*Asks:* 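I have a structure here, written as structure tokens, and I will follow up with some questions on it.
This structure is a prediction, so every number in the text was calculated from the model and none was measured. Protein chains get the first letters and strands the later ones, always in sequence-line order, with residue 1 at the start of each. Computed over heavy atoms, backbone and side chain alike; hydrogens, waters and symmetry mates excluded.
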2 protein chains.
Amino acid sequence: MPKASPSNSKKLRRQEAEALILSAAEKVFAEAGFGGATMQLIADVAGLPKANLHYYFPTKELLYRQVVQNIFEIWLQAADVFDQAEGPEEGIGAYIDAKMEISRRHPNGSKVWASEVMHGAPVIQDYLETTLTDWTNGRITVIERWISEGRMAPIDPRHLLYMLWATTQHYADFGHQIETLNGSAPLSDAQWEAAKNNIKTIILRGIGALPTA
Amino acid sequence: MPKASPSNSKKLRRQEAEALILSAAEKVFAEAGFGGATMQLIADVAGLPKANLHYYFPTKELLYRQVVQNIFEIWLQAADVFDQAEGPEEGIGAYIDAKMEISRRHPNGSKVWASEVMHGAPVIQDYLETTLTDWTNGRITVIERWISEGRMAPIDPRHLLYMLWATTQHYADFGHQIETLNGSAPLSDAQWEAAKNNIKTIILRGIGALPTA
DNA sequence: GTCTATAGGCAGATAGAC
DNA sequence: GTCTATCTGCCTATAGAC
């Protein structure tokens with residue numbers, strides 16, 4: 001590989017700077033909300049002058065929009081495991097594992113998403129109406145097939161999906177409350193494992209997808 | 001009852017004005033977050049001049065704190081049904097009913113609470129450490145008794161409580177997303193009923209508190 | 001108690017040197 | 001591309017007439 005040409009090196013630096021800014025922005029938006037976050041604070045966290053942020057992201061809103069989009073991508077990827085499964089025990093179990101891993105690794109992203117939706121999705125309403133709607137309908141089809149095959153009880157697929165989202169994202173969005181109730185300590189590896197298994201056990205047994213214990 | 005004395009009439013008007021402001025504030029804080037909310041907008045929603053808000057609530061932060069406290073009270077009252085029950089099917093079932101009713105009737109309150117916790121509970125951290133911790137420990141004792149009596153499976157009570165909070169509050173906090181996925185229409189009476197029954201069925205069956213269907 | 005007008009401060013965005 | 005200095009506007013809070 002030849003030495004990076006000036007244009008390549010520029011592009012690389014641009015990507016690096018953008019990633020740095022996006023990471024800082026995700027943290028600040030999660031902790032302060034869109035209205036409470038300031039470009040100055042994001043710049044301080046990123047270790048850059050404030051004007052640089054405006055160079056890469058013209059407005060605060062565009063920066064925010066990019067943060068939300070990035071989260072949405074990660075969010076959707078967790079869905080892959082759902083479809084590759086033979087039945088609900090494997091598919092829903094793996095989906096819970098994947099969503100819990102995201103809650104643990106990307107709690108700030110989850111919080112920004114939650115905040116955006118709670119405020120009426122002013123920035124990503126189009127995503128809700130297109131991509132998320134399509135994704136949801138696809139998963140509903142899969143669940144209905146499992147039900148018709150007798151692999152699980154006849155549960156309303158839509159409310160089951162809401163339950164999966166709610167239980168897994170709760171560990172990110174309400175992480176501060178959970179840590180406080182844990183003696184102001186982060187959950188240990190074992191506690192995360194227990195949380196995951198607890199959700200899987202109750203839901204899978206609850207929908208009749210586990211051999212009756 | 002004698003005609004209201006000046007001091008009584010003053011007090012009544014104070015209460016009415018405060019209630020009006022608190023109601024408007026809850027709505028605006030829920031929709032815009034603390035940082036995004038403005039005293040001007042709250043005043044407009046309440047139909048009062050902005051200066052009046054500062055007369056009754058000296059600072060924006062004090063007004064916000066009162067809103068969060070009010071929600072917390074409602075929240076705790078739903079717990080009463082938990083203790084008056086004989087077993088998990090009745091107790092947890094009634095608790096789910098009560099929490100779902102709050103999600104439906106006070107969605108803004110739930111959102112303000114969620115937002116506060118997501119941002120690290122800067123205003124109500126003391127409540128988390130005292131009242132909520134005590135409440136949680138009390139309910140854990142009840143659940144552990146039900147388990148020891150063989151009325152339900154040996155589930156970790158703490159994670160069960162998180163699941164109850166997550167699933168019920170999700171219908172308030174993510175109400176906008178749920179409505180969008182419902183064709184941009186609010187849930188009907190029947191849909192709320194279905195949601196409630198779905199949660200109760202899955203969780204109660206999942207913890208082994210239902211006669212095996 | 002109520003309201004208008006305004007002070008004081010801070011945040012988003014940009015101009016322009018380097 | 002980077003950064004300092006600054007403009008502009010909005011928001012909290014208050015002074016002071018009524």
*Asks:* From the list D/dT14, D/dC3, C/dA11, which nucleotide is the closest neighbour of the side chain of B/Ala51?
*Replies:*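 Closest of the options to the side chain of B/Ala51: D/dT14.
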*Asks:* Ring centres under 6.0 Å, that's the criterion: do A/Trp165 and B/Phe174 meet it?
*Replies:*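 That pair fails the under 6.0 Å test.
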*Asks:* Rounded to whole angstroms, how far apart are CZ on B/Phe29 and C1' on D/dC11?
*Replies:*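 Answer to the nearest Å: 13 Å.
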*Asks:* B/Met39 has an atom CE; how far is it from atom C1' of C/dG8, in whole Å?
*Replies:*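 Spelled out: CE on B/Met39 to C1' on C/dG8 is 17 Å.
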*Asks:* Is a salt bridge present between B/Glu31 and B/Lys27, judged by a nitrogen-to-oxygen distance below 4.0 Å?
*Replies:*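 Answer for the salt bridge query: yes.
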*Asks:* At 4.0 Å (heavy atoms only), tell me whether B/Ala43 reaches a base, stays on the sugar-phosphate, or touches nothing.
*Replies:*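 Counting heavy atoms under 4.0 Å across all strands, no contact is made by B/Ala43.
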*Asks:* Mind calculating the distance between CG (B/Leu63) and C1' (D/dT12) to the nearest angstrom?
*Replies:*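 Answer to the nearest Å: 13 Å.
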*Asks:* NZ of A/Lys50 versus P of D/dC3: gap in Å, rounded?
*Replies:*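 So the two atoms are 14 Å apart, to the nearest Å.
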*Asks:* Any side-chain N or O of A/Tyr56 below 4.0 angstrom from OP1/OP2 of D/dT2?
*Replies:*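 Yes, within the criterion.
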*Asks:* Does the pair A/Asp189/A/Arg104 count as a salt bridge with the N-to-O cut at 4.0 Å?
*Replies:*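 Yes, A/Asp189 and A/Arg104 are salt-bridged.
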*Asks:* How many Å lie between NE2 on A/His54 and P on C/dG16, as a whole number?
*Replies:*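 Nearest whole value for this atom pair: 17 Å.
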*Asks:* Can you figure out which of C/dA15, C/dC3, D/dA13 approaches the side chain of B/Thr59 most closely?
*Replies:*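 Minimum distance to the B/Thr59 side chain belongs to D/dA13.
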*Asks:* Please report the distance, rounded to the nearest Å, between NZ in B/Lys60 and C1' in C/dC10.
*Replies:*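 Interatomic distance, NZ of B/Lys60 to C1' of C/dC10: 13 Å.
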*Asks:* Roughly how many Å is it from CD in B/Glu18 to P in C/dT2, rounded to a whole number?
*Replies:*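 Interatomic distance, CD of B/Glu18 to P of C/dT2: 11 Å.
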*Asks:* For the side chain of B/Pro49, counting heavy atoms from C-beta on, which of C/dC3, D/dT4, C/dT2 is nearest?
*Replies:*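 Shortest atom-to-atom distance from the side chain points to C/dC3.
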*Asks:* Please tell me whether B/Tyr64 and B/Trp113 form a close aromatic pair, meaning their ring centres lie under 6.0 Å apart.
*Replies:*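 When the ring centroids of B/Tyr64 and B/Trp113 are compared, they turn out to be at least 6.0 Å apart.
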*Asks:* Taking only N and O in the side chain of A/Arg14, is any of them less than 4.0 Å away from OP1 or OP2 of D/dG1?
*Replies:*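 A/Arg14 to D/dG1 OP1/OP2: side-chain N or O found under 4.0 Å.
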*Asks:* Do the charged groups of A/Lys200 and A/Asp97 touch, with an N to O distance under 4.0 Å?
*Replies:*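 Here A/Lys200 pairs with A/Asp97 in a salt bridge, since their nearest N and O are under 4.0 Å apart.
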*Asks:* Whole Å only: how far is the CD atom of A/Glu16 from the P atom of D/dG1?
*Replies:*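 The answer, rounded to whole Å, is 12 Å.
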